[in-house]
Protein chains: 2
Amino acid sequence: MVEEQKSTEELIFNAALSVFQRKGLAGARMQEIADEAGINKSMLHYYFRSKELLFRQVFLMSFKQFSASIIPLLNQPVSWEEKIPLVAGHYISSMQKNPDLPLFIINELRHHPDEFVNIVTHNGIRDTLFISQLKEGIEKGEIRKIQPIQVMVSIISETVFPFIARPMLMHMTKLLDTNWDTFIENRKEIISEMLIKYLKEF
Amino acid sequence: MVEEQKSTEELIFNAALSVFQRKGLAGARMQEIADEAGINKSMLHYYFRSKELLFRQVFLMSFKQFSASIIPLLNQPVSWEEKIPLVAGHYISSMQKNPDLPLFIINELRHHPDEFVNIVTHNGIRDTLFISQLKEGIEKGEIRKIQPIQVMVSIISETVFPFIARPMLMHMTKLLDTNWDTFIENRKEIISEMLIKYLKEF
DNA sequence: ACATTTGTCAACCAAATGGTTGAACTTAAT
DNA sequence: ATTAAGTTCAACCATTTGGTTGACAAATGT
């Protein structure tokens with residue numbers, strides 16, 4: 001077991017990542033980040049100048065983390081049909097690991113519309129093998145005529161939304177905490193089967 | 001044209017509704033609410049005691065607004081098959097009218113997990129005709145064996161998520177602003193057809 | 001060994017922000 | 001008309017919060 005001693009800058013950044021993702025820009029407190037990092041508040045300014053600068057870096061990293069991690073999977077050399085459950089599974093397990101990430105991004109992107117838009121590198125999912133496969137399928141007449149992007153949006157919506165809206169949905173549906181895991185487990189199959197059936201049979 | 005003169009309390013509440021829904025509890029400023037209401041800041045405390053109390057009322061109203069408005073539609077006497085596009089349409093037009101509402105609820109419910117949970121009246125969608133219709137269809141073997149709640153969650157996910165995550169999705173998919181309206185227009189049909197096909201053909 | 005740079009912190013500062021007060025004004029009751 | 005209650009606001013107040021300072025310690029270079 002290697003005793004990993006992280007630099008102060010890393011300690012701060014990790015703490016900032018955690019606090020900002022949990023509380024958002026407006027709700028986060030510099031003092032709380034310092035406390036979670038276990039260092040003096042002055043250090044935050046020593047390394048990152050201001051709350052806004054620190055937030056910028058956190059946001060950039062978070063956005064990359066969320067949007068980039070899916071790309072390799074979309075480019076994997078398996079058929080689009082096999083890929084759909086893989087992608088759905090990716091998002092679901094991603095949500096289980098880091099449940100605050102997408103809501104954080106959605107929120108901050110909404111609250112500062114054009115501020116961060118230009119910063120983020122466009123690494124779209126448009127140029128991936130998955131999209132090409134769908135396009136090809138459409139051209140060959142094997143898949144229903146539909147924008148491939150709609151398929152991606154459906155997968156993301158169906159997988160990510162239940163997690164971010166979990167408390168709201170549980171109220172509305174009177175779903176119980178104890179049933180959540182099986183609910184999600186069932187969901188994986190439903191999503192894939194529904195999409196594949198829709199695309200293939202028309 | 002009747003000159004509608006609203007009471008100060010109404011002016012404040014409406015302004016609070018707007019500001020809180022846009023900025024959230026942490027991001028909202030009492031002064032901003034006062035400005036938007038066109039009255040002195042003291043009035044906020046005169047009528048609502050504190051920021052938290054004002055927020056409580058705003059949140060309660062917002063939650064009711066979002067979760068209750070769907071119930072009558074779910075109880076309407078049309079077949080489940082016809083109802084699906086109606087419900088999808090309801091959520092989409094609801095999002096177009098008030099794009100901040102669901103994200104606001106999702107957020108605040110997440111940030112104050114148990115605080116507001118008890119306040120909100122459970123007016124679940126479980127006891128609606130729509131759910132009964134699905135159950136009945138399942139029993140008769142006309143519909144695939146699936147929890148009816150999954151259907152509701154799918155409709156909400158597929159309709160609401162694209163709106164709240166719009167900036168994020170537009171980045172990831174390189175979708176353009178000019179294509180948004182047609183994207184959503186296409187989506188209505190896709191969602192309904194996909195769900196109905198999945199439920200009926202198995 | 002010495003000087004210079006880098007890192008760390010307690011104490012402090014200024015602005016923002018939720019909240020209070022007391023006086024003035026309006027409305028309703030007697 | 002007079003009183004009492006309700007309403008409105010400018011000026012204040014106390015706390016929170018992002019940010020700074022200056023002294024001091026730990027490396028780093030020569």
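So you know, we letter chains A, B, ... as the sequences are listed, proteins then strands, and number each from 1.
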Note, B:Ile164 side chain near A:Ile164 side chain (heavy atom, < 4.5 Å): yes
Rounded interatomic separation in angstrom, taking CD1 from A:Ile33 and P from D:dT17: 12 Å
Whole-Å distance separating the NZ atom of A:Lys41 from the C1' atom of D:dT16: 10 Å
Protein-nucleotide distance (A:Tyr46, atom OH; D:dT21, atom C1'), rounded to Å: 14 Å
Ring centres under 6.0 angstrom apart (B:Phe20, B:Phe104): no
Closest listed nucleotide, where the reference is the side chain of B:Ser42 and the choices are D:dG18, D:dA10, C:dA11: D:dA10
Sugar-phosphate only, base, or nothing, as touched by B:Met43 at under 4.0 Å among non-hydrogen atoms: base
OP1 or OP2 of C:dT8 under 4.0 Å from side-chain N/O of A:Thr8: yes
Between P of C:dG7 and NE2 of A:His45, the distance in whole Å: 17 Å
Separation of atom CG in A:Asn40 from atom C1' in C:dA11, rounded to whole Å: 10 Å
A:Phe63 and A:Phe59 aromatic ring geometry - parallel, tilted or perpendicular at 30°/60° bounds: tilted
B:Arg144 (side chain) donor-acceptor with B:Tyr198 (main chain) under 3.5 angstrom: yes
Distance in angstrom units between A:Ile39 CD1 and C:dA10 P, rounded: 11 Å
Protein-nucleotide distance (B:Leu44, atom CG; D:dC9, atom C1'), rounded to Å: 12 Å
Donor-acceptor pair under 3.5 Å, A:Lys51 side chain vs D:dG19 base: no
Value in whole Å for how far the P atom of D:dT16 lies from CE of A:Met30: 18 Å
Short side-chain N/O contact from B:Arg29 to OP1 or OP2 of C:dA16, under 4.0 Å: no
Identified ring pair (Phe, Tyr, Trp, His ring centres under 6.0 Å) partner of A:Phe163 from the options A:Trp180, A:Phe183, A:Tyr91: A:Trp180
Sugar-phosphate only, base, or nothing, as touched by A:Tyr47 at under 4.0 Å among non-hydrogen atoms: sugar-phosphate
Sugar-phosphate only, base, or nothing, as touched by B:Ala34 at under 4.0 Å among non-hydrogen atoms: nothing
